[in-house]
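Starting from 1, each residue takes its place in the sequence as its number.
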Amino acid sequence: MLAAACGFLVARRFTRHAMLASALVLFSPNVLPVANLMVDVPALAVGLAAIAVFISAVDRGRKGQAALGGLLAGLALLTKYNAVVLLPL
């Protein structure tokens, strides 16, 4: 659910169809029980949370919130190494 909520927040910034984007995240084959839920979904959820928090920080000019986004990106990286794409945050 965290992945869908953060996907909605990110999609709301870039498109008018944020509900559709969050539904696509929620019903993705990576999220459905077909996939390995041990690290894929938590890494996706924390990674999307990092992106949502960082975008909000950039929009509002808050350095502390940007640091929180970086901390969440680091947590996503600790969850699964594929989250290395979040390091530019």
Residues 68-82, side-chain donor-acceptor partners within the protein, below 3.5 Å, at least two apart:
| residue | atom | partner | partner atom | Å |
| --- | --- | --- | --- | --- |
| Thr79 | OG1 | Leu75 | O | 2.8 |
| Lys80 | NZ | Asp40 | OD1 | 2.3 |

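Under the salt bridge (charged side-chain N to carboxylate O under 4.0 Å, His left out) criterion, Arg12 pairs with no residue at all, not counting sequence neighbours. In terms of the side-chain hydrogen bond (donor to acceptor under 3.5 Å, both in side chains) criterion, Ser22 has no residue partners (sequence neighbours excluded).
Note: the hydrophobic cluster containing Ile51 also contains Phe14 (ILVMFWY, side chain heavy atoms under 4.5 Å, direct or indirect links). Linking Ile, Leu, Val, Met, Phe, Trp and Tyr whenever their side-chain heavy atoms come within less than 4.5 Å puts Val53 and Val46 in one cluster.
Nearest heavy-atom pair across Cys6 and Ala45 is SG-O, 4.4 Å.
With values rounded to the nearest 0.5 angstrom, Ile55 atom CD1 is found 11.0 Å from Gln65 atom CD.
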